[in-house]
Visitor: 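Take this structure, written in structure tokens, and hold onto it; I'll ask about it next.
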Protein chains: 2
Amino acid sequence: MIKGKQTKAAILEAATDIASKEGLGGLSIGTLAKKLGLSKSGLFAHFGSKDALLMAVTEAASQRFVAVVIRPAFQEPAGRPRLERLFENWLNWSESREFPGGCPIMAATLELDDRPGPLRDYLLSQQRKWLGTIGQAAEIAIDMGHLADSFDSEQFAFEFNAIGFGYHFSNRFLREPHARHQARTAFQSLLVKRSNAGKPQAPDQSNIPCEKETERDDHRNACGPAPQ
Amino acid sequence: MIKGKQTKAAILEAATDIASKEGLGGLSIGTLAKKLGLSKSGLFAHFGSKDALLMAVTEAASQRFVAVVIRPAFQEPAGRPRLERLFENWLNWSESREFPGGCPIMAATLELDDRPGPLRDYLLSQQRKWLGTIGQAAEIAIDMGHLADSFDSEQFAFEFNAIGFGYHFSNRFLREPHARHQARTAFQSLLVKRSNAGKPQAPDQSNIPCEKETERDDHRNACGPAPQ
DNA sequence: TTGAAAATAGCACGATCGTTCGTTAACTTA
DNA sequence: TAAGTTAACGAACGATCGTGCTATTTTCAA
């Protein structure tokens, strides 16, 4: 049972490629099989249903997201450096080579607005975790004095996320060359916003461990290690 | 030739409904015909091709956007009131009853990231105009002292737009009840950001006409009057 | 009211959709 | 190497896709 895993991985990779460009709706078993030089039925057997295939693609992307965007950021010193790394990782992810058509999670998210089902449920839980991760990193930064006390971490997560969407739109759709710069500018002013600029910063405690380890472990457990 | 226009309008309405929920990709002539009690071929004859139907749906939504979001905002006094109205109108549009699945333009935009063609071209031009409209309204506000001199109107448009996307995500996907409040908060802090808070405001010149009438007329000409 | 024009229906087409089935080829392991 | 397992294939299924035709009905103007 080695060959099986290999082709399954190959299928997922190709499927992610298509889903990135065409969206989950544009992913058909026929074209996917042709792309891989497989027969429809041979490919189909690996998943048992189209929905299962879509779910597998989404899960794979989601796991990869945790491994590539979230986990490395949490090795950064807590507070502002971690937030900045999180943001930069996200930008990189969004225009990563492995997603020729842009982040498939974001695409799926907008595709599944109004289509209830297990796939939407899964995506919803992942997105909630993602926002939770942002908010939690922000809260630490607030505690450390890197961000203004007055900051609501949920609001921060909302705006953080919004900038990411704006970037995706500006970069992928408008093909705006300054997209990244615009996103960075917006993010920097988000960090500064309502901040206690005059007040002296708290002493650097960047390396103290994050006290809310549970949530992070949740993430690890839920998503598992990166597939590659 | 009255009946023709009527059914065509009815088709467009039903098509918009579907496209809003399922996306342009999920809109098929068969299901659309069934929904309207028409035959496939009868419906088809009105447009001549699927692409033409999609284009018509997009154009209709776009015209409606101008009529419902942009035009009323430009009857508001120039400067900050106009910006605020523009934003509020956009939020209202995004959760309007006529789009049970959310703004079809936004959906199409994310669907057509990587699919070149006349439809993408059209959407691109419309989005450019939209951003231009925001930027232009912001520039006036800067001139009037309602916004900080240091503000780059393009950057403003980027962030304005980003908040809208964030709202759409938070409202439509997460079903977050506070979405609107989050969006408003983000927008207010965008208006205040880097502002010359200390400096006295310029005297109110809200009713002076906008000197860059051309762009607005472009909008009117390009999009025509509202279909209803 | 009649005749031209426009709107709609009916039917069929080739393609593709997701899926099932039985069979064969390839691999793993004992 | 033999046996047993798994992966892949090919053909076919009913359904639906977008798109042509040719009739037939409905609408509108004279």
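Small disclaimer: the values here were computed from a predicted structure and weren't measured.
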Visitor: Do B:Tyr167 and B:Trp90 have ring centres separated by under 6.0 Å?
Guide: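 No, the ring centres sit 6.0 Å or more apart.
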Visitor: Find the distance between OG (B:Ser62) and OH (B:Tyr122) and round it off to the nearest 0.5 Å.
Guide: 3.5 Å
Visitor: Among residues two or more places apart or on two chains, list those pairs meeting side-chain hydrogen bond (donor to acceptor under 3.5 Å, both in side chains) that have a residue in residues 14-30 of chain B.
Guide: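 Output for this query lists B:Asp17-B:Lys21, B:Asp17-B:Lys35, B:Ser28-B:Thr31.
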Visitor: Round to the nearest Å and state the distance from B:Gln6 atom CD to C:dA6 atom P.
Guide: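 Going from CD in B:Gln6 over to P in C:dA6 covers 16 Å.
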Visitor: Supply the atom-to-atom distance B:Gln126 CD to B:Leu123 CG, rounded to the nearest 0.5 angstrom.
Guide: 7.5 Å
Visitor: Under 6.0 Å from the CD atom of B:Glu154, do we count more than 12 heavy atoms belonging to anything else shown?
Guide: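 It does not: B:Glu154 CD has 12 such atoms or fewer within range.
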Visitor: Rounded off to whole Å, could you give me the NZ-to-P distance for the A:Lys5 and C:dC27 pair?
Guide: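 After rounding, the gap between these two atoms is 18 Å.
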Visitor: Within the structure shown, what part of the strands sits under 4.0 Å from B:Leu43 by heavy-atom distance: base, sugar-phosphate, or nothing?
Guide: nothing
Visitor: Side chains of A:Leu32 and A:Ile29, heavy atoms from C-beta outward: is any pair under 4.5 Å?
Guide: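 They are not in side-chain contact.
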Visitor: For B:Pro72, what residues pass the side chain to side chain contact (heavy atoms under 4.5 Å, CB included) criterion, not counting sequence neighbours?
Guide: B:Arg85, B:Asn89
Visitor: Look at the side-chain N and O atoms of B:Thr7 and state whether any lies under 4.0 Å from the OP1 or OP2 oxygen of C:dA7.
Guide: no
Visitor: Scan A:Ala45 against the nucleic acid and name what it touches under 4.0 Å (heavy atoms): base, sugar-phosphate only, or nothing.
Guide: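 Nothing, no nucleic acid heavy atom in range.
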Visitor: For the backbone of A:Val68 and the side chain of A:Arg71, can you confirm whether one donor and one acceptor N or O come within less than 3.5 Å of each other?
Guide: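 No, A:Arg71 side chain to A:Val68 backbone: no donor-acceptor pair under 3.5 Å.
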Visitor: Report, as yes or no, whether the 6.0 Å neighbourhood of atom NE2 on A:His46 holds more than 12 heavy atoms from other residues, nucleotides or ligands.
Guide: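 Yes - once you tally the heavy atoms of other residues, nucleotides and ligands closer than 6.0 Å, there are more than 12.
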Visitor: May I have the list of side-chain donor-acceptor pairs in residues 103-116 of chain B shorter than 3.5 Å, sequence neighbours left out?
Guide:
{"residue": "B:Thr109", "atom": "OG1", "partner": "B:Ile105", "partner atom": "O", "Å": "3.0"}
{"residue": "B:Thr109", "atom": "OG1", "partner": "B:Gln127", "partner atom": "NE2", "Å": "2.9"}
{"residue": "B:Glu111", "atom": "OE1", "partner": "B:Leu24", "partner atom": "N", "Å": "3.1"}
{"residue": "B:Glu111", "atom": "OE2", "partner": "B:Leu24", "partner atom": "N", "Å": "3.4"}
{"residue": "B:Glu111", "atom": "OE2", "partner": "B:Gly25", "partner atom": "N", "Å": "2.6"}
{"residue": "B:Arg115", "atom": "NH2", "partner": "B:Glu111", "partner atom": "O", "Å": "2.8"}

Visitor: So, does A:His46 get its side chain near the phosphate of D:dT6, meaning an N or O under 4.0 Å from OP1 or OP2?
Guide: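 Answer is no, no contact under 4.0 Å.
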Visitor: Can you pull every protein N or O that's under 3.5 Å from an N or O on nucleotides 24-26 of chain C?
Guide:
none

Visitor: Below 4.0 angstrom, N of the basic side chain to O of the carboxylate: do B:Arg180 and B:Glu88 qualify?
Guide: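 Yes, charged N to carboxylate O under 4.0 Å.
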Visitor: Could you list the protein-to-nucleotides 16-20 of chain C atom pairs, N/O on both sides, closer than 3.5 Å?
Guide:
{"residue": "C:dC17", "atom": "OP1", "partner": "A:Ser28", "partner atom": "OG", "Å": "2.5"}
{"residue": "C:dG18", "atom": "OP1", "partner": "A:Lys50", "partner atom": "NZ", "Å": "2.5"}
{"residue": "C:dG18", "atom": "OP2", "partner": "A:Ile29", "partner atom": "N", "Å": "3.0"}
{"residue": "C:dG18", "atom": "N7", "partner": "A:Lys40", "partner atom": "NZ", "Å": "3.0"}
{"residue": "C:dG18", "atom": "O6", "partner": "A:Lys40", "partner atom": "NZ", "Å": "3.2"}
{"residue": "C:dT19", "atom": "OP2", "partner": "A:Lys50", "partner atom": "N", "Å": "2.6"}

Visitor: In whole Å, I'd like the distance from the CG atom of B:Leu53 to the C1' atom of D:dC17.
Guide: 14 Å
Visitor: What's the angle between the local helix axes at either end of the helix from C:dT1-D:dA30 to C:dA30-D:dT1, using five pairs per end and rounding to 10 degrees?
Guide: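 Inter-axis angle at the ends, rounded: 20°.
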Visitor: Whole-Å distance between D:dG20 C1' and B:Phe47 CZ?
Guide: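 Going from B:Phe47 (CZ) to D:dG20 (C1'), I get 18 Å.
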